[in-house]
Protein chains: 2
Amino acid sequence: MAGAPHADVSVTLAVSTVILALRSDDGIGAESGDPAIWLPLVRRIRDPFDGAWALPGGPLGAQESLADAARRSLAETTGLAPRYLEQLYAFGDVDRSPGDRVVSVVYWALVDSTEARRALIGQNVRWFPADRLPRLAFDHNAIVDYALERLRTKVEYSDIARALLGETFTLTELRTVHEAILQRRLDPANFRRQIDSHGQIEATGETRRTGAHRPARLYRYSSSTPSSSPIKETSA
Amino acid sequence: MAGAPHADVSVTLAVSTVILALRSDDGIGAESGDPAIWLPLVRRIRDPFDGAWALPGGPLGAQESLADAARRSLAETTGLAPRYLEQLYAFGDVDRSPGDRVVSVVYWALVDSTEARRALIGQNVRWFPADRLPRLAFDHNAIVDYALERLRTKVEYSDIARALLGETFTLTELRTVHEAILQRRLDPANFRRQIDSHGQIEATGETRRTGAHRPARLYRYSSSTPSSSPIKETSA
DNA sequence: GCAAAAGTGTTCTCCATACACCCATGG
DNA sequence: CCATGGGTGTATGGAGAACACTTTTGC
């Protein structure tokens, strides 16, 4: 009943991470008003899917938790620490990795957009806009789609969007983050009311001027409202 | 980078299932009006936690998907097939299994309450009321709590409660299911409106008499509204 | 008739939405 | 003064909560 499977058919466990960040540039350095969701991918250098782009990840270390493994692949790929990290799903279909059997526990992470600009870019790491990805290795396209769906549902009832912004921000900036995630326009007036009806943000007293118009007030999240966090996992 | 960990520190992968059913009896055969959530546990016959009660589960077969493994442990424990099955979470803290390293992908399942009465009860399988569990092996108490929390949130916006009932049912029966899950009373009038505002149930035309009062109409879910289902997983 | 559960109607409040309107700034 | 985005006010509609009320049965 509790017999171990044969060695030649053993199941491999891996941890991968969907890393999401906001970028306002178009990938070649030029600013382009509306921010969008981007994510870093790594190029595979072995079969299966040699040469294809894939989610960063790898085997689980014996002395690290699942979340720690996700954080590690995040750091190894981008040099960044996550502002938000949550388990997405465990993918384990029999045929998802040609030639062997891999179960992937996948996490999704949000990283600061200003930090993301300084992120490492190596020969085998490249950032892609989330809505125009190439065909990825394994079932990774479906995994990214699921992560984006989770992000969209979660941005509507939680404050995760803050993880994509800096310490202070204007309400228009926060709104454009929501718009980039939801892929639709939001009414500025109603958005403002909805956000501060939760009583989580406070004005800093300062303003930010951007164009030929009235300056916008800067806000921050009150220190008494900790960032929404998923299940507590003990670190190694 | 993709090197396999040493054999002596390898991580074991297991699949466990939180099986939930509705029971109106008190466990010793007597009917007691209000139904409650019950779940089957298996007694461990080896260390660690020898003799303690634990969630049914075991290693993942090389040719079965994660969901298939969950279904298998469900069948082996109760002889039943799930009416609803969804992945709950992957638990992988380093110290959750004394002496070795186990990552458990946990599913939760709902089974038909009338079938559940005929479920197998063996020497090492026993049903417990979900709100009065003994101290379980590993982190299984926390896992059950998380499953119940997921069930509570999901019953409010989906039609999963149908998986705990038979083909036809009265609105009062459906409401008592919701009440058993949410642990609070619901207004019969508002509950009725809320349910049929979704347009998923239809009257069968028949009624059911239960006491010295007006008989209740029987309903069924319309065939055009399939049961809500989680992520599609391909079977082996 | 009475008790009890089934089922309907009405009101109220709280939202999200739509959108008109004023404010502050650069040019 | 005008264009532009920042910010406020207000009307409307829908969903849920509270609860009064009618219907149908067994006794």
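Residue numbers start from 1 in every chain, and the chains themselves are labelled A, B, ... in the order their sequence lines are given, proteins ahead of strands. For clarity, every value in this text was computed on a predicted model and none was experimentally measured.
With sequence neighbours excluded, the residues that form a side-chain hydrogen bond (donor to acceptor under 3.5 Å, both in side chains) with Arg193(A) are Asn190(A). Applying the ring-ring contact (aromatic ring centres under 6.0 Å, His included) test to Tyr107(B) and every residue at least two apart in sequence or in another chain returns nothing. Listed by chain and number, the residues in a salt bridge (charged side-chain N to carboxylate O under 4.0 Å, His left out) with Arg43(B) amount to none (sequence neighbours excluded). With sequence neighbours left out, Tyr89(A) forms a ring-ring contact (aromatic ring centres under 6.0 Å, His included) with Phe91(A), Tyr146(A). The salt bridge (charged side-chain N to carboxylate O under 4.0 Å, His left out) search around Arg185(A) returns Asp34(A), Glu179(A), not counting sequence neighbours. With sequence neighbours excluded, the residues forming a salt bridge (charged side-chain N to carboxylate O under 4.0 Å, His left out) with Arg184(A) are Glu156(A), listed by chain and number.
Contact annotation: Arg208(B) side-chain N/O to dT25(D) OP1/OP2 distance is not under 4.0 Å.
Heavy-atom nearest nucleotides on DNA chain D were determined for Asp196(A) and for Thr210(A), and the one closer to the 5' end corresponds to Thr210(A).
Considering CD of Glu206(A) and CZ of Arg217(A), their distance stands at 13.5 Å, rounded to 0.5 Å.
As a whole-Å value, the separation of Tyr157(B) OH from dA15(D) C1' is 19 Å. The nearest whole Å value for the distance from the CZ atom in Phe191(B) to the C1' atom in dT8(C) is 17 Å.
For the segment residues 166-179 of chain B, no residue has any heavy atom less than 4.0 angstrom from an atom of DNA chain D.
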- Which nucleotides of nucleotides 17-27 of chain C have their base under 4.0 Å from a protein heavy atom (B), which only their sugar-phosphate (S), and which neither (-), written as one string 5' to 3'? BBB---BBBS-
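The salt bridge (Lys or Arg N to Asp or Glu O under 4.0 Å) pairs that include a residue from residues 141-150 of chain A are Glu86(A)-Arg150(A), where partners are two or more places apart or lie in different chains.
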